[in-house]
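All remarks here apply to the structure that follows.
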Amino acid sequence: MLIRSRRGWELPDSAATPEDVFLSRRSLLKAAVAAPAIAAAGSIPGGPAFGQTEVAADDPTAGLYPVPRNERFTLDRAITDPAESTTYTNFYEFGSQKNIWRAAQKLKLRPWTVTFDGMVEQEQTVDIDALLKRMPLEERLYRHRCVEAWSMAVPWSGFPMKALVDFARPLGSAKYVVMRTFQDPGMASGQRQFWYPWPYVEGLTLAEATNELAFMVTGMYGKPVPKQNGAPLRLAVPWKYGFKSIKSIVSFTFTDQRPVSFWEQIQAAEYGFWANVNPEVPHPRWSQARERVLGTGEMVPTRLYNGYGEYVADLYKDLEGERLYV
Ligand code: MTE
């Protein structure tokens, strides 16, 4: 089937990219970025070098960072080298390969507005810079576990999603929030691939969206988040597989109907609504027991809820009948 052959990220990395090709690409990339990385090293207080990903010329938010770190969120592993996490990305709007970071530079960051609609007290469309001024920016160290069985650990900057939900003022009857990525096939060549159900859509229950861990990302490594990682506004829900963490969001719709997300529309048996990380529930085509750590290549055991059970396990205690881990 045509669609199946196009979806590289569904394969475990070892299958999608032969490991030897992958490793030699990594060495080339490392060599290519070494000089700018060293040059940039001094400019990020307490952080690693930013690799070749300089702040985009059309991103006016550099002055907002770095922001104070929220020390409540700690890591069990080293922060991923930014030369890896900013060049090995999933952003299907710009292509189905991991190395689309150059193509993603076409993403136009301004003007950028964010719409809040559906079951809200009053629908509104807000300029992203006005929104950022109203949000309490902080930095958090989070793990990220992709459904493809690789992981990274990054310092995101941004604000609790709860602050955004409070700003939107949903009605008491709203149960879900649906998020959408921009749609512009002229700018994003992947969106010309008509067999995908664009735009990228994701959803959370309001209980999930207002959980302390749900985080709206606007920065990474003490700088604005790079285009390829989802500028100017993306989600980080680290207890769920990475496809839930939608990038470059333009709207939040509040509803009482459970949405069907992008990958669920394509293959519901493999990518469900909940998608909570669980090493004991394999993906239909591969094991989820272990994960390859980006940067080191080390294989480590995957943890239930990606290690964040103390924050989120209670959300699911009355939902045993649901496919919580697919
Ligand atoms: N959001 C959009 N709009 N388009 C995408 O293709 N890919 C998802 C998620 N958000 C994706 C997206 C997947 S599969 C993962 S693992 C993460 O983004 C990857 O985030 P990263 O590239 O910053 O590591």
Side-chain angles (χ1 to χ4, degrees), residues 6-13 16 50-51 53 79-104 106-107 112 114 142-158 178-185 187-191 193 196-204 215-221 223-252 261-267 270-272 275 277 283 288 291-295 302 306:
R6 303 274 172 167
R7 288 178 292 151
W9 73 266
E10 294 180 320
L11 302 174
D13 212 281
F50 201 56
T53 312
I79 290 176
T80 303
D81 180 346
E84 301 283 338
S85 51
T86 63
T87 57
Y88 185 87
T89 59
N90 277 325
F91 203 167
Y92 269 59
E93 284 80 348
F94 294 99
S96 54
Q97 304 300 314
K98 293 287 185 290
N99 60 355
I100 51 71
W101 67 271
R102 277 194 194 84
K106 292 209 178 85
L107 175 63
W112 194 283
V114 182
Y142 272 5
R143 292 183 293 279
H144 171 97
R145 171 59 158 84
C146 179
V147 72
E148 296 165 329
W150 56 265
S151 65
M152 61 181 185
V154 290
W156 298 121
S157 304
V178 187
M179 294 151 276
R180 288 187 187 78
T181 296
F182 68 83
Q183 174 133 27
D184 185 347
M187 176 179 78
S189 61
Q191 291 188 327
Q193 299 186 315
Y196 289 111
W198 306 112
Y200 200 100
V201 175
E202 262 305 339
L204 296 172
F215 197 57
M216 299 309 310
V217 169
T218 59
M220 193 181 183
Y221 297 102
K223 290 191 172 188
V225 64
K227 294 183 179 189
Q228 64 271 28
N229 294 97
L233 185 66
R234 73 171 279 175
L235 179 67
V237 278
W239 72 99
K240 292 179 178 285
Y241 290 117
F243 66 88
K244 297 291 295 183
S245 290
I246 178 173
K247 297 179 170 181
S248 304
I249 302 170
V250 295
S251 72
F252 295 83
S261 53
F262 180 81
W263 289 108
E264 195 181 3
Q265 288 174 59
I266 297 170
Q267 187 60 280
E270 301 191 354
Y271 309 102
V277 175
H283 182 278
Q288 295 291 22
E291 63 203 52
R292 179 175 55 81
V293 177
L294 266 199
T302 288
N306 198 19

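Start at 1 and go down the list; that is how both ligands and their atoms are numbered.
- For the residue pair N90 / K98, a side-chain donor-acceptor distance below 3.5 Å is found, with atom types taken as modelled.
- When each atom of ligand 1 is checked for a heavy atom of S245 under 4.0 Å away, the hits are 9 (C), 10 (N), 18 (O).
- The shortest heavy-atom distance from W150 to ligand 1 is under 4.0 Å.
- Side-chain polar atoms of H283 and Y241 form no donor-acceptor pair below 3.5 angstrom.
- Shown in contact with C146 at under 4.0 Å from a heavy atom are these atoms of ligand 1, numbered in order with element: 16 (S).
- The contact set between ligand 1 and F91, taken as ligand atoms under 4.0 Å from a residue heavy atom, comprises 3 (N), 4 (N), 5 (C), 6 (O).
- In the candidate list W198, W101, Y200, Y200 is nearest to atom 5 (C) of ligand 1, counting heavy atoms.
- Residue W156 has no N or O atom closer than 3.5 Å to an N or O atom of ligand 1.
- Atom CD of residue E291 and atom CG of residue N306 lie 6.0 Å apart, to the nearest 0.5 angstrom.
- With 3.5 Å as the limit, one finds no donor-acceptor pair spanning the side chains of Y221 and S157.
- At least one heavy atom of R234 lies less than 4.0 angstrom from ligand 1.
- The G242 neighbourhood of ligand 1 comprises atoms 8 (C), 9 (C), 13 (C), 15 (C), 16 (S), 17 (C), 18 (O), with distances under 4.0 Å to a heavy atom of that residue.
- Each of the following atoms of ligand 1 lies closer than 4.0 Å to a heavy atom of I246: 1 (N), 10 (N).
- In this structure, F262 and Y200 have parallel ring planes: the angle between them is below the 30° cut-off, well short of the 60° mark.
- Contacts with ligand 1 closer than 4.0 Å are made by heavy atoms of both the backbone and the side chain of F243.
- Every residue meeting the salt bridge (charged side-chain N to carboxylate O under 4.0 Å, His left out) condition with K244, not counting sequence neighbours, appears here in chain and number order: E202.
- Ligand 1 has H144 within reach: a non-hydrogen atom of the residue lies less than 4.0 Å from it.
- For the residue pair Q288 and R145, a side-chain donor N or O sits within less than 3.5 Å of a side-chain acceptor on the partner.
- Side chains of Q191 and Y92 form no contact here, defined as non-hydrogen atoms less than 4.5 Å apart.
- The shortest heavy-atom distance from M152 to ligand 1 is under 4.0 Å.
- The only option from W239, F243, W150 that meets the ring pair (Phe, Tyr, Trp, His ring centres under 6.0 Å) definition with H144 turns out to be W150.
- Considering backbone and side-chain N/O of W263, none are found under 3.5 Å from N/O of ligand 1.
- Within the 4.0 Å heavy-atom criterion, both parts of T89, backbone and side chain, lie near ligand 1.
- Ring pair F94/F91 is perpendicular by interplanar angle, where above 60° counts as perpendicular and below 30° as parallel.
- Atoms of ligand 1 lying under 4.0 Å from at least one heavy atom of T181, given by number and element, are 3 (N).
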